[in-house]
Amino acid sequence: MGTNCVTYDFSAIERHWQEKWARDRTFRAMEDFGKKKYYVLDMFPYPSGAGLHIGHPEGYTASDIIARYKRACGYNVLHPMGWDAFGLPAEQHAIKTGMSPAINTTNNVDVFRKQIQSFGFAIDWDREVNTTDPNYFRWTQWIFLQLFKHGLAYVDEKPVWWCSELKSVLANEEVINGVSERGEYPVERKNLRQWVLRITKYADRLLDGLKDVDWPESTKRQQVAWIGKSTGAHVTFKVENHSASVAIYTTRPDTLYGATFVVLAPEHELVSTIVSDGQRAAVEAYIERAKSKSDLERTDLAKSKTGVFTGAHAINPVNGEPLPIWIADYVLRSYGTGAIMAVPAHDDRDYEFAKKYGIEIRQVIRWENSSELPFCGDGKLVNSGEFTGLDSKQAKEAIIDKLSRLRSGSRAVNYKLRDWLFSRQRYWGEPIPVVWVEKPDYDFMLQQDDFYFKEFLPENEISYTSEGLTFCAVPLTPKELPLALPKVDSYIPSDNGESPLAKAKSWTNIYINPISGEIIPVREFAAGTPGTWVRGRRETNTMPQWAGSCWYYLRYMSPHHSSALVEEHSEKYWQQPDMYIGGAEHAVLHLLYARFWHKFLYDIGAVSTPEPFKKLFHQGIILGEDGTKMSKSRGNVVNPDDVIGRYGADALRLYEMFLGPLEAMKPWGTRGIEGVSRFLKKTWNFYIADGGEIKPFGDESSQQVQDVSNETIGKVTQDIENLRFNTAISQMMICLNTFVKEKSVSRVHATQFLQILTPFAPHISEEIYSRLDGTVNSISLLPWPTYTGKSDRENAVKLAVQINGKLRGECRVDRNTECDRIIEIVKKDDRLNKFLTGKTIVKTVFVPAKIINIVVE
RNA sequence: GCUCGGGUGGCGGAAUGGUAGACGCUGAGGACUUAAAAUCCUUUGUCCGCAAGGGCGUGCGGGUUCGACUCCCGCCCCGAGCACCA
């Protein structure tokens, strides 16, 4: 049953069908194991206070078209939605207003849900997840504990990015060009105790796995570049007149004979040991200067290189030559060994440095078409002792072999990828489920015969030392999960880098029982409490926002399951998303972290597939009408609620898909939506008479209608498969225009048109279908119409005629006409023949039923 | 700097070796209307021409081909990512 509206009243129609779908749970995903499954996933949104952005429904509409299409094709479709709701904006809102981020988040989610539902997406709302729901994040915490147990989580006191404005540590990825990604505030280096995840252990597998997924090449390339694997050698240089030696990493061992100096990063721990007395003052001054430089200054490529001689020399292991050791901030402590051999003849940076400080530049590679130094490619070796004459590739191997014999070097692999800094000094995140106890208490716990935690501990204990005391990490037991956030008076972090949770003393200070695993707050602990107890302090750091989004696609498979993160048989059935649609801004971080967790879960047997996302697609960005990024300050923001109010959800869905290729960046155009809106009205008027009743449709269609209908089914099907929705819509427009012109359209063709329109504009299609036929409860239950192949009924074709490659006309012929016959026809046509008279035909190229090209002289 | 993607009417875009500009927007003219909106019809790359017709045309310059927006070489411009990674 539809509405009773007489004209195309989209608000009434859309409200009616959305309510009906919700009531009937039309789009519930069932675990029907006899049916092939299709899992289509959107990157779930962060429910910001600003409400839904016009860009959100672009990806959601695309995935919805696929979901509805696949369902009509007979698949059992899973198309869920949820909320990535931990994160900084809610916390900053809390700091500003004092309102709890939990309440604020719930409000925002309610707004987002309502807005998303107003698009009529075929989502199974029974499976909604929310990363801030304790029943969700207990499993995020559980995964963390598994990582902990398997030695993939550790603490490290190390320099991290500290943003004093946000009062928080940021991950490398959250710092862009020396300022915070969010807010663009200045950042500095600060030493803090941090949780770190050992993603580097998975570097090779994260690289290899990319071969097996259907992802945009550019995204794969970005991940490859981020992992940054390189192969080369470690070479050890003895320091002259000193017991120390310097280890360097190079990808060019073939240039070893061209090394004329060695450079250490200013932070390299060897610097203070090897520096000569004469140079000490200059070196210390340089280090001091380097420290005060911001990262932006240090990495500024435009500035010239600087450095200081240490007074020490390193001995080149292959020829015994002493090379001056310099320090310079163009060498990074964090990559490789923090030290390099400098080969100015064959490295741009070393060349620039050597030029500036008058250091020898020695060519050891010769190449064809010799141009000037530096030359950084491969070639033939010169001035390289016994290796002279080899080409670079052979020389690399040969020189590494010699280094191995000399015990001065070996083959080595290096990655740009660093371990993942996993703790944040924030309130609004998942608490890290760990308790710290002092070392003597920890040893006492370990000595207990029936020590509960044995199976939850990593091989090597995790500990840190502060003010002379050593603390060891004890994981919470699964019984203690979820570890919920405590209530706090203030959400403001302290200036010393501690999370706001540190101020919730009654929450942080606890007693832990090594035998039962139980935890009780200090205030509940009395002298008479039975059992063995040890004092502890909860970890007060929380997890980064990435944590919850690392595994949400698994939770959708069994969102209410209470004894595992995903129910085994559900995971076996749904396996992984077949299609994942979301923005390219997540090309590296989210998609790399999720792959890391997934591979880990695969290793511990929690999931059965090695990769989380089979096929990935990035929708482009919708720009403002002026062609720039939508922003409040520019005043070019389009509000989806306004557009739906004015044109309806179907029109907005259709328009966003019609705008251009899904992956392209394209500007919004207010006039453009008028076009698709007219198309919908035209559709309505084609089916519905003035009084609101359905027009009569007979049993016969004209030939034209049959052909255009069939062609449209074929084109739209292909275009949906290839996510080319813009051309699918133009084909439907062509089809409708033909219908309107031809008028003799059968019931079957009238129904089929509505069916292929359904994934794009489901409300109007349901409404018209309910008046046209309505034998089934929803048009989405009808099987997708089939394309019957190219019609051979259409025999007369227009054949293009070219003479010397230039289009001169066309002729109407039977599609099977032979080449010779066509030349005769052309000769009889005065307008064509005039290009042939007095010329000889040298050659003809003939494509049957398409084109003929006559070459004359 | 390196890597990748792109450059087609007034605009969004179609066509990946076979009739460039589908489809939509806009503009112009017309029908209906007292009028307007809505709707419908015609037209809309550009130059010459009254017209018939013809020339030019997919960033620029070459090339391959019977035929190039499409493939190859060189250049210009725009966008994205990475950015002293040794």
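To find a chain, count down the sequence lines: A is the first, B the second, and so on, and within it residues start at 1.
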Which is more 5' along RNA chain B, the nucleotide nearest Arg671(A) or the one nearest Lys741(A)? Just name the residue.
Arg671(A)

The residue, Arg221(A) or Lys416(A), whose nearest nucleotide of RNA chain B is more 5′ is Arg221(A)

Donor-acceptor side-chain pairing of Tyr647(A) and Glu674(A) below 3.5 angstrom:
yes

Which nucleotide, [options], lies nearest any side-chain atom of [X]?
X         : options                   : result
Leu332(A) : rG13(B), rA86(B), rC23(B) : rA86(B)
Arg678(A) : rC23(B), rC25(B), rG54(B) : rC25(B)
Thr727(A) : rC23(B), rA15(B), rC56(B) : rA15(B)

Are any of Ser218(A)'s side-chain N or O atoms less than 4.0 Å away from OP1 or OP2 of rU3(B)?
no

How many Å lie between [atom1] on [X] and [atom2] on [N], as a whole number?
X         : N       : atom1 : atom2 : value
Lys629(A) : rC78(B) : NZ    : P     : 21 Å
Lys806(A) : rU19(B) : NZ    : P     : 15 Å
Glu625(A) : rU26(B) : CD    : P     : 12 Å
Asp719(A) : rA15(B) : CG    : C1'   : 13 Å
His586(A) : rG81(B) : NE2   : P     : 13 Å
His618(A) : rG81(B) : NE2   : P     : 12 Å
Ile673(A) : rC11(B) : CD1   : P     : 22 Å

Does Lys305(A) make a cation-pi contact with Phe353(A) (under 6.0 Å, within 45 degrees of the axis)?
no

Establish, yes or no, whether the cationic atom of Arg595(A) lies under 6.0 Å from the six-membered ring centre of Trp226(A) and within 45° of the ring axis.
no

For a quick test of reading the model, state the closest non-hydrogen atom pair linking Phe846(A) to Thr817(A) and the distance between them.
CZ-O, 3.5 Å

